[in-house]
Amino acid sequence: MAAENTSVEIRDDREHGKLVAYEDGTVAGTIAYFVMYPEPGALVAVHTVVRPAYEGKGIAGALAREFYTMAAREGVPVVPLCPYVAKWATRHPEQAPEAPEELVRGAQRQLESHPELL
């Protein structure tokens, strides 16, 4: 997965709940997330961070795009509790289907009961 004007590799670190963007082997940015249960579940984006040295290179957008692509491959919706991912989704509705409101409320409850996920 490449961001604009840069060679970025994006890898899913499911065990640690992070989608990580690397540029030349260095961590450039991450989306922290969790897998919502019970089935069918969802991928819940909680927080997006891009290191200052990598800002303005399209890394956050590349992470958001890959997050939605990953969810589509797994056949689950995305709940964008992260403000950046939510904003990206409104700008790219063709790539970011809206999650049902009940799923959003469930993800919010799950996050509130697990503050360590922030």
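For this chain, numbers begin at 1 and follow the sequence in order. Since the model is a prediction, treat every value here as computed from it, not as a measurement.
- Counting heavy-atom neighbours within 6.0 Å of Q108 CD, excluding the residue itself, gives a total above 12.
- Rounding to the nearest 0.5 Å gives a distance of 11.5 Å between NZ of K18 and CG of L63.
- In terms of heavy-atom proximity, G106 sits nearest to M36 at C-CE, 3.6 Å.
- Under the 4.5 Å side-chain criterion, counting only non-hydrogen atoms from C-beta, K57 is not in contact with V8.
- Between Y68 and A89, the shortest heavy-atom contact is OH-CB, 3.3 Å.
- Taken to the nearest 0.5 Å, the CG atom of L19 stands 6.0 Å off from the CD1 atom of I10.
- Ring centers of F67 and W88: at least 6.0 Å apart, outside the cut-off.
- Hydrophobic clustering (ILVMFWY, side-chain heavy atoms < 4.5 Å, transitive): I59 and V20 are in distinct clusters.
- Here the closest non-hydrogen pair linking L103 and G41 is CD2-O, 4.4 Å.
- Between the side chain of Y33 and the backbone N or O of P80 there is no donor-acceptor pair closer than 3.5 Å.
- In the hydrophobic cluster analysis, where Ile, Leu, Val, Met, Phe, Trp and Tyr join through side-chain heavy atoms closer than 4.5 angstrom, L81 is grouped apart from V49.
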Subject >> Worked verdict on T48 versus T30 for side-chain contact (heavy atoms from CB on, under 4.5 Å) >> reply: CA-CA 6 Å; T48 301; T30 60; over 6 Å; no
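- Follow the hydrophobic side-chain contacts under 4.5 Å out from V46 and you never reach V27; the two are in separate clusters.
- Residues V35 and Q110 come closest through the heavy atom pair O-NE2, 4.1 Å.
- At most 12 non-hydrogen atoms from other residues, nucleotides or ligands lie less than 6.0 angstrom from CD of E102.
- The CD1 atom of I31 sits 10.5 Å away from atom CG of D12, with the distance rounded to the nearest 0.5 Å.
- Sparse packing is recorded around CD of E15, with 12 or fewer heavy atoms of other residues, nucleotides or ligands lying under 6.0 Å away.
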